[in-house]
Protein chains: 2
Amino acid sequence: MRETKQRTAILEFLRSKRQHCSASEVYDAVRVKIPNISLGTVYRNLGNLLEKGEIISVETSDKCVYYDGFTSSHAHFVCSECKNIFDFPLTLDAHKEIDDMGFLVENERVVYYGKCANCNKK
Amino acid sequence: MRETKQRTAILEFLRSKRQHCSASEVYDAVRVKIPNISLGTVYRNLGNLLEKGEIISVETSDKCVYYDGFTSSHAHFVCSECKNIFDFPLTLDAHKEIDDMGFLVENERVVYYGKCANCNKK
DNA sequence: TCCTTATCAGTAATAGTTCCTATTATTATT
DNA sequence: AATAATAATAGGAACTATTACTGATAAGGA
């Protein structure tokens, strides 16, 4: 994989941002630096970075994928009202049961859907 | 909500099937009974049934939504070797921490990636 | 039976994502 | 530094899951 300014910019942006971003948000942000970057390039590189494990992704109910530059594993909470995504630490022994059965968990994806504290109050 | 043979057939199919199905799989299956059912009708009724809580949905990484007539939620384990998908019960108090913060968890999706007991032995 | 209107079939439109191709830029080699 | 080989790019067309629209149909109450 060659190093290109496009991919570097995408990764840098995702790492600098503390929120999860959709592909088009990444596109808009990176376009400030590289005005003629293509949306296809954004998608291709998000795919590459995902495969290399440099970023992670979350699927929400609004049918578009969100990307996250923070790879240390954590659970996601997607609010159905305000559409914000919150991070939570993973409960450490969540898959103890599975381990005990001889399964090897290499990666885990935990997403909660519901209403965040703010929206739930209303 | 009126009772229609279309919605009944969709729900019956999802309950009879032990796997998660995409909208078009539901469409194909129900078309055996009701040849001229429309795909739009399938989507509309899947939406209705979801809203009523009669079925649940899971978003996977392959960008289409899967529907399940078994509403009790469970975790999935995807084996990277044999590609089988295993069901596990969810740890009950997994999101206690989140509840305590005033968040309302309406749905959760837990997917583990790794090697199943069989493939791990080798 | 008749009326109201939710639901339907069929189809067009939408939107996120992927694919295609000529061009550009990176990396290794001379 | 110049060259060659080719991975990655820009731009746009194509693809596909889903939603929206419209006139026709049928469920269910009066």
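Naming convention: chains lettered A, B, ... in sequence-line order (proteins, then strands); numbering from 1 in each chain. These values consider heavy atoms only, across backbone and side chains, with no hydrogens, waters or symmetry-generated copies.
At whole-Å resolution of the value, NZ in B:K5 and C1' in C:dC8 are 10 Å apart. Distance, B:R7 CZ to D:dA26 P: 16 Å, rounded to whole Å. In this structure, the OH atom of B:Y27 is 11 Å from the C1' atom of C:dT11, given to the nearest Å.
For the OP1/OP2 pair of C:dA9 and a distance below 4.0 Å, the side-chain nitrogens and oxygens of B:Q6 include at least one atom meeting the criterion.
Going from atom OH of A:Y113 over to atom CD of B:E106 covers 12.5 Å, rounded to the nearest 0.5 Å. Taking CD1 from A:I55 and CG from A:L14, the interatomic distance works out to 5.5 Å, rounded to the nearest 0.5 Å.
For A:R31 and A:D28, the salt-bridge test passes: some basic side-chain N is under 4.0 Å from an acidic carboxylate O. In summary, A:K17 and A:E25 do not engage in a salt bridge, as defined by a charged side-chain N under 4.0 Å from a carboxylate O.
Residues of residues 30-52 of chain B that place a heavy atom closer than 4.0 Å to DNA chain D, in numerical order, are B:L39, B:Y43.
Annotation: side chain of B:V105 is in contact with side chain of B:I98 (closest heavy-atom distance under 4.5 Å). Annotation: side chain of B:K115 is not in contact with side chain of B:K122 (no heavy-atom distance under 4.5 Å). The side-chain heavy atoms of B:E3 and B:T8, taken from C-beta on, include a pair separated by under 4.5 Å.
Each end of the helix from C:dT1-D:dA30 to C:dT30-D:dA1 gets its own axis, taken as the rotation carrying the C1' atoms of four end pairs onto the next four within a five-pair window, and the two axes meet at 40° to the nearest 10 degrees.
Of all the heavy atoms in B:L46 and B:Y67, the pair that sits closest is CD1-CE1, 3.6 Å. Contact record, A:P35 with A:K33: CD-O, 3.5 Å, taken as the closest heavy-atom pair.
Taking the six-membered ring for Trp, B:F103 and A:F86 have ring centres closer than 6.0 Å.
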Give each protein N/O atom lying under 3.5 Å from an N/O atom of nucleotides 27-29 of chain C, with the pair distance.
unit_1 : atom_1 : unit_2 : atom_2 : d
C:dT27 : OP1    : A:E3   : N      : 3.1

